[in-house]
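The structure under discussion appears below in the form of structure tokens.
A note on names: the letters A, B, ... follow the listed sequences, proteins ahead of strands, and every chain is numbered from 1.
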Amino acid sequence: MVTPNNAEFLQNIQSKWQKKWQQARSFHADANPYHKKKFFLTFPYPYINGLPHVGHLFTIMRVEAFARYKRLQGFNVLFPQGWHATGSPIVDAAQRVREGEEKQLKILRDCGVPEADISKFAEPEHWISYFVPEYRKDIQSLGLSIDWRREFFTTELNPHYNKFVQWQFSILKKKGYVKKGKFPVVWDPKNNCPVPDHSRIEGEGETPQEFLLVKHKLKNGTSIVTATLRPDTILGVTNLYINPDVMYVRAKVDEEDWIISKKVAKALADQDKKVTVIEEVQGSSLIGQTVLEFSGLSVPILPAFFVQEQFGTGIVHSVPSDSADDLIALDDLKKDTALCQKYRLDMAMVKAVEPISVLDVPGFSPIPARDVLTQLGIKSQHDRQKLEKAKDILYKKAFYEGKVNKLYQKARFKGLSQDYAGQPVEKAKEGIKHDILNSEFGDVYYQLTGRVVSRSMMECVVRIVEDQWFLDYGDPVWKKLAHDALNNLTLYPEKARAQFTYVIDWLHQWACTRETGLGTRLPWDEKWLIESLSDSTVYMAYYTIVHLLQKIDVRNVNGALFDYVFLDENTGKLLVDKKDADAMRREFDYWYPVDFRNSGKDLIQNHLTFYLFNHTAIFHKDKWPKGIGVNGWVTVDGSKMSKSLGNVIPVREMVKTYSADAARITILTGGEGMDDPNWDTEFARSIIPKLEQFYTLARDVAAAKDMTTAKDRAAAKGTAAGETSTGKTSTDGGRYTMKPIDLWALSNLHQIIHDATALMEETSFRSAIQKIFFDLQRLLRWYLRRTKNSPNTTVIKELVDAQAVMLSPFTPHLCEEIWSMLGKKGLACEASWPVAQQDKIDEQANAAENLVQETAADIQSVLKLLDIQKPASIALFVSPAWKYQLFAIVRKQLDTTRNPAEVLAAVMKNAPAELRSHGQDISKLIPKLVQGGLPPMILPQEKELAALRDAVDFLSAEAGCPVQIASADEASEPKAKQAQPGKVAIVVKQ
RNA sequence: GCGGCGGUGCCGGAGCGGUCAAACGGGAUGGGCUUAGGACCCAUUAGCUUAGUGCUUACGCAGGUUCGAAUCCUGUCCGCCGCACCA
């Protein structure tokens with residue numbers, strides 16, 4: 001870690017201002033009917049199983065900076081904060097503490113928990129009572145402008161909130177958005193419980209995968225059952241493959257007879273099936289028999305050794321057209337007379353088995369598997385590696401580019417519900433699967449995508465849980481409402497919209513209840529806890545009333561109260577004072593809807609979209625969300641944040657090392673939009689002295705009532721009293737004259753205010769900081785240099801005042817300090833954001849100053865090239881008059897043509913005689929002007945002269961010799977002719 | 001594979017048809033100020049060239065549109081995020 005230069009100064013003023021804000025209750029926000037402009041911001045309440053770190057900081061700071069900005073804009077701003085404890089991580093972690101797991105204990109120690117207290121964390125409740133205040137302390141130390149009166153935490157440990165969530169769910173239920181169904185989960189068979197991702201020893205990220213079971217019927221009615229992920233090829237089945245050496249079982253599954261592997265027989269028992277094993281069946285005994293297919297065909301059962309017992313059902317239906325495995329096995333068998341004899345297979349029958357083409361895949365023959373076998377040079381079914389590759393190629397090609405062929409006509413197969421012929425595989429697949437499931441040939445089976453081992457060291461299985469509750473985000477009516485909500489809100493940034501639209505369409509049923517963890521119980525089925533993403537969709541409404549509600553005896557909090565407060569409906573008896581209920585309703589009515597909710601972009605696919613869905617289900621349309629912000633994932637010095645890299649910087653460490661203000665501005669400079677913001681340690685270090693420099697400058701401005709020099713004042717007396725050279729009146733006690741450079745400074749200031757305001761409005765904080773801090777600092781630097789440190793006091797004060805206010809959302813402590821030092825009344829956080837005055841933005845002033853700036857630079861470079869230390873004098877010539885005329889005419893022409901010849905012709909035609917006399921020069925100049933383009937603004941000759949004359953002192957000082965200024969028109973000097981509008985000719989005399 | 005976002009100089013990162021060899025910051029180099037400085041100020045930071053200029057090569061790669069492209073179009077390669085019941 002780099003040691004900062006000196007953050008003490010910033011750190012020393014931190015707690016002082018935080019205390020002042022607290023005393024002034026600057027961030028307490030209450031409904032105020034006389035203050036119509038309100039702004040309500042939130043970010044998702046953090047899950048409190050740890051302390052805040054740099055990863056959290058970015059999201060927090062976006063909301064914080066926006067909150068402070070909106071306050072400066074005159075809004076009544078509500079920025080509350082709560083805590084999330086719902087779910088299983090805390091419970092699991094407590095369990096691990098109970099078991100004394102070293103890794104978990106270390107995490108707690110790293111959070112600063114004293115050794116003696118660690119055992120307390122065996123209780124989940126203790127996590128809340130410990131981490132809530134610690135987390136709050138950390139983010140408070142950043143000087144956040146949160147209304148802490150409205151803090152709360154979730155789960156039934158907070159009975160008021162508990163009632164709120166139950167109210168929410170009873171409304172969802174009433175409206176039919178909560179439904180009951182079956183659901184596959186990863187299950188520990190020993191402890192009889194579901195195994196969430198983070199409490200696995202092995203197999204994080206593995207999930208149940210749905211396979212289609214296909215029944216193939218023997219003459220006696222028994223089904224040989226295979227499992228597949230490719231129902232689209234069902235009509236291409238030519239035979240079954242069975243491993244002759246494997247011992248299968250015949251089992252009664254529900255009311256049917258199935259032949260399957262032993263493992264599947266066991267697994268199905270967990271998956272909502274009644275399974276009784278009747279007998280064992282040797283694979284070889286089935287070979288040679290025929291089965292009836294979904295397609296209506298009869299196909300033989302053949303031997304194959306690539307078939308693995310533990311995969312699928314241990315039996316494979318063969319689609320040699322589109323499976324390389326199936327095809328090569330068939331090829332092998334046709335050549336293997338000995339094997340056929342062994343199982344008494346009729347060689348002619350085997351040879352008669354031919355692939356059936358079912359898919360049209362671009363770039364492939366009707367039998368794609370054959371192409372791939374040839375392509376990869378696969379010779380036998382033992383060539384496993386190549387076969388895996390073949391499978392990959394075939395699947396991807398067929399699935400994403402293929403179409404099912406003409407075989408899939410409804411007329412040809414009674415099992416099909418529609419004509420699939422010609423449909424893309426991707427689309428037809430689902431329909432065909434559905435058809436098979438609806439026939440007597442199909443069923444469903446779940447298998448894990450990989451091995452999962454639970455903490456009890458048991459290998460997990462898939463289990464179908466009955467009576468699981470779902471939020472039906474697939475409901476088309478609800479989807480429509482969510483789209484409506486999306487269409488009526490502002491996104492920060494707008495480019496996130498495509499993703500939201502996609503997610504709304506893609507979401508379907510969401511299992512919203514759990515059996516374990518902390519949370520709120522489902523009001524009508526108390527065995528279930530409401531899952532953590534589902535209990536946090538509309539709680540922002542809770543913020544509006546929490547400080548009032550939680551004072552009320554919870555026994556008097558009922559559904560009728562929430563109906564009254566949130567929906568303006570009288571549905572039952574209120575158990576609280578009408579007065580109290582009205583007060584809450586006023587708060588809700590005033591603050592809602594949420595104007596800005598910000599979170600990481602990863603939450604678009606769940607929480608933020610749930611947030612939209614649920615608001616439309618619960619609240620009236622005028623209370624739907626107004627704005628959502630999303631941001632990228634924080635990186636640290638360019639690398640992804642991770643525990644293993646050890647670059648997860650806790651907030652408390654950042655504040656201790658860099659100060660709150662430096663940390664705040666660093667993180668927001670790290671990025672904007674959807675890009676991943678970067679915490680740049682080097683920036684954090686180098687910004688500290690720059691912030692102090694800003695303070696020093698402000699101090700000088702404050703101290704010097706009059707920053708002008710005696711010489712300036714004397715010079716000023718020369719002009720008519722109170723009158724400046726530009727005719728403006730100066731009223732302050734500083735330098736009396738308002739010179740062009742002063743107007744230029746103001747012009748640029750107001751341009752910056754204008755730009756920065758627009759950027760703040762769209763939460764582009766990085767760019768805003770660029771303008772407000774760096775561009776303004778540069779402006780100040782040039783202004784001081786240009787005025788040789790005697791700026792106009794009015795101007796310099798306006799610059800510093802504006803900067804202090806505009807920077808305060810980012811570095812509030814420093815800005816308060818400066819604000820008070822400048823002798824301002826009140827707090828900076830309650831000041832007014834400066835207003836950009838269009839009439840002060842003067843492009844001509846910019847062009848004039850550019851000319852001066854460039855001339856100064858050009859003088860330097862000429863002197864350097866000629867290696868002249870002490871020039872005797874310098875003459876500057878502005879362009880001859882005819883070139884100004886020429887430029888103006890060319891500019892007009894460029895709108896119609898860009899062809900140099902045409903421009904030249906037009907110029908020569910339109911130009912006055914005087915200009916035409918410079919014909920030769922013109923024809924040389926024009927191609928350049930057309931190619932390179934003209935400068936954005938061309939000042940008239942007299943303005944250029946005036947600008948240079950105004951700056952003559954400065955230019956002389958920079959050049960180190962007297963400077964004369966003249967027009968090239970009356971100059972005999974040949975070099976003077978080189979001058980152009982915007983470009984002065986320089987003649988150095990030694 | 002699908003959906004989303006990106007690929008710019010030593011680095012971070014602006015720019016999104018002409019004012020672009022490319023803002024701003026960081027780093028590096030040189031100079032100034034200083035007892036000294038990690039503080040501050042100034043200059044340089046693609047190559048060649050020049051009295052302040054001009055030229056060449058550059059904005060992932062390849063084509064195209066245009067008088068003109070980092071900027072628009074097409075194709076292609078690469079990176080990041082998500083693809084769920086987990087906070």
Side-chain angles (χ1 to χ4, degrees), chain A residues 3-6 44 46-47 49 84 86-90 183 185 196-198 204-205 207 395-396 399-401 426 468 470-471 493 495-503 505-514 531-534 536 600-607 632-633 635 637-638 640 669-671 673-676 678 680 682-683 685-687 689-690 692-693 696 766-767 769-771 773-775 777-778 781 785 854-855 857-866 868 894 897-903 927 930-937 975 978 982-988:
Chain A
T3 26
N5 301 327
N6 183 3
Y47 189 74
N49 59 346
H84 204 196
T86 309
S88 36
I90 287 178
F183 192 70
V185 296
D197 233 15
H198 36 265
E204 211 174 311
T207 53
Y395 181 77
K396 281 187 178 153
F399 186 67
Y400 294 106
E401 294 171 38
E426 207 172 347
Q468 169 70 28
F470 292 94
L471 284 169
K495 32 169 119 152
R497 193 172 294 277
Q499 179 122 18
F500 271 102
T501 307
Y502 179 81
V503 171
D505 286 333
W506 162 82
L507 277 174
H508 47 272
Q509 298 197 318
W510 181 271
C512 64
T513 53
R514 284 297 102 87
E531 172 268 341
S532 63
L533 279 171
S534 301
S536 57
K601 63 181 170 186
D602 52 321
L603 293 196
I604 296 175
Q605 26 280 320
N606 46 51
H607 169 261
W633 270 102
T635 58
D637 291 327
K640 253 192 195 172
T669 310
M674 299 249 267
D675 297 338
D676 289 341
N678 182 44
D680 184 347
E682 203 48 57
F683 182 93
R685 193 187 58 75
S686 65
I687 194 68
K690 285 179 192 297
E692 289 192 28
Q693 213 183 318
T696 311
R766 180 199 159 93
S767 303
I769 290 169
Q770 182 67 244
K771 294 272 173 203
F773 193 64
F774 296 107
D775 287 357
Q777 285 301 90
R778 222 163 59 92
R781 221 181 303 151
R785 179 170 162 192
E854 260 171 50
T855 303
D858 285 350
I859 290 173
Q860 290 303 328
S861 73
V862 171
L863 293 180
K864 199 173 159 194
L865 274 166
L866 295 180
I868 299 172
L894 288 184
T897 175
R898 288 280 183 172
N899 183 321
E902 283 174 33
V903 173
V930 174
Q931 281 288 307
L934 291 165
M937 152 135 318
K975 271 212 171 317
Q978 289 180 1
K983 187 93 191 150
V984 174
I986 299 165
V987 177
V988 180

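Within 4.0 Å of A:Ala496, counting heavy atoms only, lies no atom of the nucleic acid at all. At a threshold of 4.0 angstrom between heavy atoms, the contacts of A:Gln860 with the nucleic acid are absent. Base engagement by A:Val988 is indicated by at least one non-hydrogen atom pair under 4.0 Å involving a base atom. A:Ile604 comes within 4.0 angstrom of no nucleic acid atom, judged by non-hydrogen atoms across all strands. A:Thr669 comes within contact range of no nucleotide atom at all, as no heavy-atom separation falls under 4.0 Å. Heavy atoms of A:Gln978 sit under 4.0 angstrom from at least one base atom.
Comparing B:U29 with B:G13, their C1' atoms sit 23 Å apart, to the nearest whole Å. B:G64 and B:U8 have their P atoms separated by 25 Å, given to the nearest Å. Taking atom P on both nucleotides, B:U71 is separated from B:C59 by 9 Å, rounded to a whole Å. Atom name P, nucleotides B:G30 and B:G79: the rounded distance is 40 Å, in whole Å. With both ends at atom P, the span from B:U19 to B:C72 equals 16 Å, rounded to whole Å. Comparing B:U66 with B:G17, their C1' atoms are spaced 9 Å from each other, to the whole Å. Nucleotides B:G6 and B:A14 place their C1' atoms 15 Å apart, quoted to the nearest Å. For the P atoms, the distance linking B:A21 with B:U35 amounts to 44 Å, nearest Å.
Under 4.0 angstrom from either OP1 or OP2 of B:C41 there lies at least one side-chain N or O belonging to A:Gln693. OP1 or OP2 of B:U53 lies within a sub-4.0 Å distance of a side-chain N or O belonging to A:Lys983. An OP1 or OP2 oxygen of B:C24 is reached within less than 4.0 angstrom by a side-chain nitrogen or oxygen of A:Arg778. OP1 and OP2 of B:C40 both lie 4.0 Å or more from every side-chain N or O belonging to A:Arg781. Under 4.0 angstrom from either OP1 or OP2 of B:C86 there lies at least one side-chain N or O belonging to A:Arg514.
In this structure, NZ on A:Lys983 lies 10.5 Å from CD on A:Gln978, to the nearest 0.5 angstrom. Considering CZ of A:Arg766 and OG1 of A:Thr669, their distance stands at 7.0 Å, rounded to 0.5 Å. For the atom pair OG of A:Ser861 and CD1 of A:Ile986, the computed distance is 7.0 Å after rounding to the nearest 0.5 Å. Here the NZ-CE distance, from A:Lys495 to A:Met674, works out to 7.5 Å after rounding to the nearest 0.5 Å.
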Collect all protein-nucleotide pairs involving nucleotides 7-16 of chain B in which both atoms are nitrogen or oxygen and the distance is under 3.5 Å.
| from | atom 1 | to | atom 2 | distance (Å) |
| --- | --- | --- | --- | --- |
| B:G13 | O2' | A:Arg766 | NH2 | 2.7 |

What verdict does the side chain to side chain contact (heavy atoms under 4.5 Å, CB included) test give for A:Ser536 and A:Thr86, after you've listed the backbone C-alpha separation in whole Å, the side-chain angles of each residue and the deciding distance to 0.1 Å? CA-CA 9 Å; A:Ser536 57; A:Thr86 309; over 6 Å; no
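In this structure a side-chain-to-backbone donor-acceptor pair under 3.5 Å is missing from A:His84 to A:Pro44.
For A:Met674, whose side chain is taken as the heavy atoms from C-beta onward, the closest listed nucleotide among B:G27, B:G4, B:C40 is B:G4. Minimum atom distance to the side chain of A:Ser686 is reached by B:G26, of the listed B:A87, B:G82, B:G26. Looking at the side chain of A:Phe774, the nearest of the listed nucleotides B:G4, B:G25, B:A87 is B:G25. Each of B:G4, B:A51, B:A87 was ranked by its minimum atom distance to the side chain of A:Ser532; first place goes to B:A87. Across B:G25, B:C5, B:A87, the shortest atom-to-atom separation from the side chain of A:Lys690 is found for B:G25. If you check B:U53, B:C86, B:C81 against the side chain of A:Asp858, the one that comes closest is B:U53. For A:Lys495, the listed nucleotide lying nearest its side chain is B:G6; candidates were B:G4, B:G6, B:A87. With B:C24, B:A87, B:G25 as the choices, the nucleotide that has an atom nearest any side-chain atom of A:Asp775 turns out to be B:C24. Comparing B:C83, B:C81, B:G4 by their closest approach to the side chain of A:Asp602 singles out B:C81. Comparing B:C85, B:C81, B:A51 by their nearest atom to the side chain of A:Ala511 picks out B:C85.
Taking for each of A:Ile986 and A:Leu603 the nucleotide of RNA chain B with the nearest heavy atom, the 5'-most of the two is the partner of A:Ile986.
Within the 4.5 Å cutoff, the side chain of A:Ile687 has heavy atoms near those of the A:Phe773 side chain. Here the side chains of A:Val984 and A:Asp858 are not in contact, with every heavy-atom distance at 4.5 Å or above.
For the side-chain contact (heavy atoms from CB on, under 4.5 Å) test, residues two or more places apart in sequence or in another chain that qualify with A:Lys771 are A:Ile752, A:Asp755, A:Ala756, A:Leu759, A:Asp775. Remark: A:Asp680 pairs with no residue by the salt bridge (charged side-chain N to carboxylate O under 4.0 Å, His left out) rule, at least two apart or across chains. When the salt bridge (charged side-chain N to carboxylate O under 4.0 Å, His left out) test is applied to A:Arg778, no partner is found at least two apart in sequence or on another chain.
Going from atom CG of A:Leu863 over to atom P of B:A43 covers 15 Å, rounded to whole Å.
Helical stems in RNA chain B, defined as runs of 3 or more consecutive Watson-Crick or G-U wobble pairs with both donor-acceptor distances under 3.5 Å, are listed by first residue as B:1-7 with B:77-83, B:10-12 with B:24-26, B:27-32 with B:40-45, B:46-48 with B:54-56, B:60-64 with B:72-76.
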Sugar-phosphate atoms are those with a prime plus P, OP1 and OP2; base atoms are the rest. Using that split, label each nucleotide of nucleotides 28-35 of chain B B, S or - for protein heavy atoms under 4.0 Å, 5' to 3'. --------
